[in-house]
Amino acid sequence: MSIAELPNAQAVIVHDDLDDLSAAVALRIAELAAQAIAARGAFHVALAGGETPRRCYQKLRELAIDWNHVHVYFGDERCLPNGDAQRNDSMVRESLLDHVAIPTTNIHNIPAELGAREAAAMYASLLGNIAPLDLVLLGMGEDGHTASLFPDNPATESAAAVVPVFDAPKPPAERVSLGLNSLNAARQKIFLVAGAGKRAALERILHGDYLPAARIAVAEWHLDRAATPER
Ligand code: 6PG
């Protein structure tokens with residue numbers, strides 16, 4: 001099977017390398033932001049954590065985006081103290097938000113320092129006021145997880161808008177994640193997947209493994225060549 005047959009995908013775009021992937025997704029974000037702001041006066045985007053999106057966020061700094069009308073949320077957060085370098089919001093601040101003129105009131109961190117249950121409940125009420133999100137950016141782990149929805153973890157099966165996650169195999173074990181329904185309800189979903197380490201999970205999805213990343217419907221997948229199974 002060719003990667004173009006990725007189940008549930010709206011589009012699959014293979015880029016030569018992470019730099020090209022990052023530039024292309026940055027342009028897509030700017031385009032979707034302009035469309036949402038023109039249509040509804042605001043762009044509500046949930047950003048992905050991990051390392052893959054870092055370069056895309058750095059490239060976003062250079063694009064013409066009306067940050068006054070952009071609201072940033074997070075697809076998931078690690079239950080670590082505020083300001084911990086390993087938090088997803090720390091990476092997003094360093095690579096993007098500290099470099100653009102976005103009002104601080106437009107940045108909606110997940111209060112994961114409060115613990116997964118309390119943070120999930122608080123974030124669900126915040127999201128409830130704006131759902132659906134205009135865009136959700138997503139990464140994928142080597143086990144096929146996305147956001148903090150891991151294979152064989154009860155949080156992945158929850159219907160809740162925002163879910164507490166325990167026993168995550170990727171440290172820290174305690175996290176908060178948008179639930180599958182919230183991720184799927186977004187107007188647009190974009191995956192950024194790069195590196196040979198992700199190829200096996202993509203192969204499994206191609207062959208019908210219903211991994212969490214495969215359960216995001218109608219998503220736009222941006223892959224680099226290293227992550228793309230040869231077919
Ligand atoms: C996290 C992310 C997680 C990430 C994937 C891919 O907390 O780590 O939310 O879902 O997107 O694990 O991570 P990399 O981009 O670092 O490979």
Side-chain angles (χ1 to χ4, degrees), residues 15 17-22 24-26 29 45-60 72-96 108-113 116 119-120 123 133 135-153 155-156 158 162-180 182-184 186 189-202 204-205 211-216 219-228:
H15 304 274
D17 56 33
L18 177 59
D19 200 63
D20 285 357
L21 183 158
S22 304
V25 174
I29 296 169
V45 53
L47 296 179
E51 277 310 307
T52 303
R54 187 187 292 271
R55 202 169 308 172
C56 173
Y57 298 156
Q58 289 166 344
K59 292 179 183 293
L60 264 182
V72 166
Y73 305 81
F74 293 83
D76 65 328
E77 188 53 273
R78 305 166 180 186
C79 290
L80 295 167
N82 242 332
D84 187 298
Q86 292 305 309
R87 279 178 63 123
N88 288 331
D89 58 16
S90 295
M91 184 276 282
V92 173
R93 277 192 181 283
E94 281 155 29
S95 56
L96 175 60
H108 309 284
N109 294 339
I110 298 176
E113 65 280 1
Y123 214 61
L133 291 159
L135 171 62
V136 170
L137 285 190
L138 294 164
M140 185 187 73
E142 298 189 5
D143 60 358
H145 79 259
T146 192
S148 283
L149 303 178
F150 292 87
D152 309 318
N153 189 298
T156 306
S158 169
V162 184
V163 292
V165 180
F166 302 98
D167 307 319
K170 177 177 183 181
E174 188 171 337
R175 294 159 165 260
V176 182
S177 184
L178 267 57
L180 206 53
S182 296
L183 297 175
N184 272 317
K189 287 86 80 174
I190 293 180
F191 273 102
L192 296 84
V193 180
K198 308 297 174 74
R199 184 177 295 187
L202 285 171
R204 289 178 59 193
I205 292 173
L211 297 174
R215 298 171 63 175
I216 303 295
E220 184 178 307
W221 289 75
H222 288 261
L223 315 176
D224 73 354
R225 208 160 293 294
T228 304

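Both counts, for ligands and for their atoms, begin at 1 and track the order of listing.
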**Student:** Decide yes or no for Leu202 and Met140: does some side-chain heavy atom of the first lie under 4.5 Å from some side-chain heavy atom of the second?
**Tutor:** yes
**Student:** Looking just at side-chain N and O atoms, do Ser148 and Arg175 make a donor-acceptor pair shorter than 3.5 Å?
**Tutor:** yes
**Student:** Are any of the side-chain heavy atoms of Leu137 and Ile29 separated by less than 4.5 Å?
**Tutor:** yes
**Student:** Among all the protein's non-hydrogen atoms, which is closest to atom 17 (O) of ligand 1, and how far away is it?
**Tutor:** Lys198 NZ, 2.7 Å
**Student:** Is there a side-chain contact between Leu223 and Phe191 in this structure, where contact means two heavy atoms from C-beta onward sitting under 4.5 Å apart?
**Tutor:** no
**Student:** Hey, does Glu142 sit under 4.0 Å from ligand 1 if you only count heavy atoms?
**Tutor:** no
**Student:** What protein heavy atom sits nearest atom 4 (C) of ligand 1, and how far away is it?
**Tutor:** Lys170 NZ, 3.9 Å
**Student:** Any non-hydrogen side-chain atom of Asp89 less than 4.5 Å from a side-chain atom of Glu77?
**Tutor:** yes
**Student:** Short list, please: which atoms of ligand 1 are under 4.0 Å from a heavy atom of His145?
**Tutor:** 3 (C), 5 (C), 10 (O), 12 (O)
**Student:** Give me the nearest non-hydrogen protein atom to atom 15 (O) of ligand 1 as residue plus atom name, then the distance to 0.1 Å.
**Tutor:** Thr52 OG1, 2.6 Å
**Student:** Please examine the side chains of Leu138 and Ile190, heavy atoms only from C-beta on, and report whether any two atoms are closer than 4.5 Å.
**Tutor:** no
**Student:** Please tell me if the side chains of Asp143 and Leu211 come closer than 4.5 Å, counting only heavy atoms from C-beta onward.
**Tutor:** no
**Student:** What atoms of ligand 1 come within less than 4.0 Å of a heavy atom belonging to Ala147?
**Tutor:** 3 (C), 9 (O), 10 (O)
**Student:** In this structure, does ligand 1 have an atom that sits under 4.0 Å from one of the heavy atoms of Ala48?
**Tutor:** no
**Student:** Applying a heavy-atom cut-off of 4.0 Å, say which part of Asn88 lies close to ligand 1: side chain, backbone, both or neither.
**Tutor:** side chain
**Student:** Can you name the atoms of ligand 1, numbered from 1 with element, that are less than 4.0 Å from a heavy atom of Glu51?
**Tutor:** 14 (P), 15 (O), 16 (O)
**Student:** Which atoms of ligand 1 are found less than 4.0 Å from any heavy atom of Gly139?
**Tutor:** 11 (O)
**Student:** Could you check atom 1 (C) of ligand 1 against the protein and tell me its nearest heavy-atom contact, residue, atom and distance included?
**Tutor:** Arg78 NH2, 3.2 Å
**Student:** Tell me: protein heavy atom nearest atom 6 (C) of ligand 1, and distance?
**Tutor:** Met140 O, 3.5 Å
**Student:** Any heavy-atom pair between the side chains of Lys198 and Glu142 that's under 4.5 Å?
**Tutor:** yes
**Student:** In the structure I gave you, are the side-chain heavy atoms of Leu149 and Arg215 within less than 4.5 Å of one another anywhere?
**Tutor:** no
**Student:** What residue and atom, counting heavy atoms only, is the protein's closest point to atom 2 (C) of ligand 1, and at what distance?
**Tutor:** Asp76 OD2, 3.6 Å
**Student:** Are any of the heavy atoms in Arg175 under 4.0 Å away from ligand 1?
**Tutor:** yes
